[in-house]
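Working notes, structure below.
Just the heavy atoms: all of them, side chains too, but no hydrogens, waters or symmetry mates, feed the values below.
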Amino acid sequence: MKQNTNENAANRTSYVGHVYTVGERAYKQEILNSLPAEWKDLHIKGYIHIHDLDAYGLTYNCLTFNLVPNFPYERFKDFSEQRKIVRLFDFLKELFTKMGNEQSGGMAFANFDNEMAEVITKLGITINDVNLSLIKDAIGELILWCNDNHTRMGQTSYYVTFNIGLADSDLARSIASFLLDEFYTAGDLIYKPNIVFKVHAGHNRFADDPNHYLLKKALLCTAKKMIPTYLLCDSAPDKNYDPYRLAVMGCRTRVVTDVYGCEGSIGRGNIDNISINLPRLALEIVEKWPNIDVDERIRKFKKRWNEVATVTKDILLDRYYKTCKRQADDFPTNSEYKLWCKDFTTVDSLEGVFKHGTLSLGFIGLSEAVEVLTGAKYYSSADNYVVALGIVKHMRDFCDFLRYDYNLNFSLLATSGELISGRFIDIDKEIFKPDADIFAKGYYTNSFHIDVDSGLPAYKKIQMEGLFHELCNGGCITYVELGEAPLGNYEGLLEYVEVAIKAGTHYLGFNFPKDICDECGTSGVFDECPVCHSKHITRIRRVSGYLEILDGFTKGKKAEEKNRRKNG
């Protein structure tokens with residue numbers, strides 16, 4: 001199906017999708033018009049971006065399933081063992097489809113290997129060569145379904161993440177191995193679902209750990225296909241938490257601490273998130289006070305951020321409380337399988353469920369904001385680096401204050417900027433003429449990331465971004481940009497994993513360009529196929545966490561991809 005260039009790289013053209021998009025845009029405008037004028041203006045004028053406006057007050061964002069305790073085992077009791085296996089993985093597809101209609105964002109399993117092993121064992125399936133082969137095939141079909149199915153809203157794939165790596169039984173290790181093997185061999189145009197490998201000492205990090213061979217297998221898969229990415233359970237932000245309860249949802253969402261006691265990701269998710277345009281605030285400060293010194297600029301910038309963040313908090317709370325007024329009947333799949341940490345059908349109101357979720361203040365363009373305020377990149381000097389850390393620490397302190405003031409799980413999100421990397425800059429360049437030319441490249445840099453064309457060595461980029469991970473408790477990621485697929489070089493990637501753990505990196509990914517010839521399937525980096533000389537090329541790139549086809553990227557993300565340079 002043809003790639004559709006629009007606001008979401010995961011979309012494909014279809015009649016139903018077209019009709020949905022028309023209605024979605026009209027409904028988003030209706031929602032905006034219903035909000036107080038100050039809130040609406042902040043969004044329209046590009047100070048903030050209210051994500052998933054169409055879901056405002058109707059549903060939450062994302063969830064890590066708590067499936068095993070309430071899996072419908074009784075439905076399977078009269079099936080043959082082979083049918084149980086087939087039906088189990090069909091059930092997962094149905095679950096993703098149904099949940100895609102109940103929430104706006106990603107779906108995850110925190111321990112797909114262990115959870116599926118437990119379900120299979122409870123179903124009484126004998127572990128023999130025949131059944132293992134069928135499980136392997138079923139996992140392969142699930143991968144193809146996640147990659148190829150674009151039926152959500154008639155156009156979009158399902159945002160599914162499988163966290164693996166802590167397998168603690170032979171069956172669980174087989175399931176993790178099957179997932180990696182099937183993804184590795186599925187073909188270069190198979191780039192979903194998102195697979196996250198959890199790295200943890202005692203499980204897989206070191207050569208004498210029982211699952212170290214799985215880490216090696218994962219790294220070899222990454223070296224070919226950019227997936228898995230790596231959740232580093234021994235890093236500073238994560239080492240004090242139960243690794244089994246850690247998970248990544250969607251492209252980066254992190255849910256761990258809970259003021260109501262349900263620690264970890266399982267059965268919890270993000271309720272809503274709003275991103276603040278940091279370069280806009282910096283541009284305003286410099287335009288209004290062009291002659292003040294840098295320290296005063298930064299002080300005024302933080303004060304202005306507080307003003308915008310205070311209103312942003314009000315919008316998050318309004319959306320949260322409206323969502324809490326929904327009924328359990330509005331979430332039939334959640335209610336049936338009790339996928340949250342609390343049962344929808346037994347609470348007095350859904351606030352009893354959603355209070356366990358997070359409310360996230362996000363941000364984009366730290367690099368450009370610091371450049372406007374100081375005249376130089378934040379990674380250009382120790383002084384500017386301290387400025388950048390200070391800004392993010394200020395934002396995190398504000399979120400922590402909200403957490404205690406409202407007794408809700410406010411968090412700071414290092415936003416992935418698929419749409420807003422271009423949307424914000426398009427608005428700002430019509431208003432401002434800054435000394436530092438932050439507009440020429442056509443996009444704002446994601447979250448706290450170092451510029452994609454910095455050329456910094458990979459280890460240096462990891463180290464400099466690492467300190468931001470502990471501050472961004474709502475989710476973040478660091479990417480290393482490689483010039484080409486490091487085929488077979490798992491040792492090199494493992495070295496970066498170790499550097500990242502020591503640097504305090506919570507979540508790590510590896511990027512490299514991947515081009516596939518439409519005619520003969522050759523992969524590499526080229527404009528003309530070196531084998532058949534076709535110029536019909538499909539280009540796979542990481543857009544904002546997920547891999548997608550480059551043709552469907554937003555304008556800002558296309559500009560960013562064009563500007564990416566390898567970390568030397």
Answer whether the closest heavy-atom distance between the side chains of [X] and [Y] falls below 4.5 Å.
X: L215; Y: V497; answer: no
X: Y507; Y: V196; answer: yes
X: Y47; Y: L281; answer: yes
X: I427; Y: K45; answer: no
X: M249; Y: N61; answer: no
X: V387; Y: F301; answer: no
X: S447; Y: L366; answer: no
X: K514; Y: D188; answer: yes

Any chance [atom1] of [X] has more than 12 other-residue heavy atoms, nucleotides or ligands included, within less than 6.0 Å?
X: D435; atom1: CG; value: no
X: F206; atom1: CZ; value: yes
X: K302; atom1: NZ; value: yes
X: K441; atom1: NZ; value: yes
X: E296; atom1: CD; value: yes

Evaluate side chain to side chain donor-acceptor pair (under 3.5 Å) for Y406 paired with K313, printing each intermediate quantity in order. CA-CA 10 Å; Y406 290 91; K313 169 263 300 180; 2.9 Å; yes

Give a yes/no verdict on a cation-pi contact between [X] and [Y], requiring under 6.0 Å between NZ or CZ and the six-membered ring centre and an angle within 45° of the axis.
X: K224; Y: Y184; result: yes
X: K429; Y: F439; result: no
X: K217; Y: Y213; result: no
X: K225; Y: F183; result: yes

Hey, is [X] close enough to [Y] for a salt bridge, meaning N to O under 4.0 Å?
X: D428; Y: R280; value: yes
X: D400; Y: R396; value: yes
X: K461; Y: E465; value: yes

For the pair I420 and Y444, evaluate side chain to side chain contact (heavy atoms under 4.5 Å, CB included) and give the outcome as yes or no after the intermediate values. CA-CA 8 Å; I420 59 177; Y444 285 154; over 6 Å; no

Establish, from distance only, whether the side-chain atoms of N270 and S360 form a donor-acceptor pair under 3.5 Å. yes

Using distance alone, with no hydrogens and no angle criterion, decide if S275 and T415 have a side-chain donor and acceptor under 3.5 Å apart. yes

To the closest 0.5 Å, what do you measure between [atom1] ([X]) and [atom2] ([Y])?
X: N273; Y: T312; atom1: CG; atom2: OG1; result: 11.5 Å
X: S367; Y: K377; atom1: OG; atom2: NZ; result: 5.0 Å
X: I425; Y: E430; atom1: CD1; atom2: CD; result: 11.0 Å
X: L482; Y: N567; atom1: CG; atom2: CG; result: 7.5 Å
X: L220; Y: L180; atom1: CG; atom2: CG; result: 10.0 Å
X: F197; Y: T222; atom1: CZ; atom2: OG1; result: 9.5 Å

Using modelled atom types only, decide if a donor and an acceptor are shared between the side chain of [X] and the backbone of [Y] within a distance under 3.5 Å.
X: N211; Y: A167; result: yes
X: R542; Y: M226; result: yes
X: N384; Y: T374; result: no
X: S177; Y: R173; result: no
X: D272; Y: R319; result: no
X: N194; Y: G250; result: yes
X: D515; Y: R539; result: no
X: R268; Y: T257; result: yes
X: E368; Y: T445; result: yes
X: H469; Y: H506; result: yes

K192/S157 under side chain to side chain donor-acceptor pair (under 3.5 Å): CA gap, chis, key distance, verdict: CA-CA 9 Å; K192 289 183 179 178; S157 58; 2.5 Å; yes

For L214 and I164, run side chain to side chain contact (heavy atoms under 4.5 Å, CB included): C-alpha distance rounded to whole Å, both residues' side-chain angles, the deciding distance at 0.1 Å, then the answer. CA-CA 10 Å; L214 289 175; I164 62 171; over 6 Å; no

Please determine whether side chain to side chain contact (heavy atoms under 4.5 Å, CB included) holds for the pair L317 and F410, giving the CA-CA distance in whole Å, both sets of side-chain angles, and the decisive distance to 0.1 Å. CA-CA 10 Å; L317 286 171; F410 281 92; 3.8 Å; yes

Could you check whether the rings of [X] and [Y] sit parallel, tilted or perpendicular, using 30° and 60° as the cut-offs?
X: H49; Y: H43; answer: tilted
X: H200; Y: H203; answer: tilted
X: F363; Y: F448; answer: tilted

Steps toward side chain to side chain donor-acceptor pair (under 3.5 Å) verdict (Y260, N407): CA-CA 9 Å; Y260 295 99; N407 205 34; 3.2 Å; yes

Heavy-atom closest pair, residues [X] and [Y]:
X: Y191; Y: E548; value: OH-OE1, 3.3 Å
X: A110; Y: E115; value: N-OE1, 3.5 Å
X: L361; Y: A309; value: CD2-CB, 3.8 Å
X: E263; Y: D258; value: OE2-N, 3.0 Å

Do D234 and L232 pass the side chain to side chain contact (heavy atoms under 4.5 Å, CB included) test, and can you show the C-alpha distance, the side-chain angles, and the key distance before you say yes or no? CA-CA 6 Å; D234 296 332; L232 308 179; over 6 Å; no

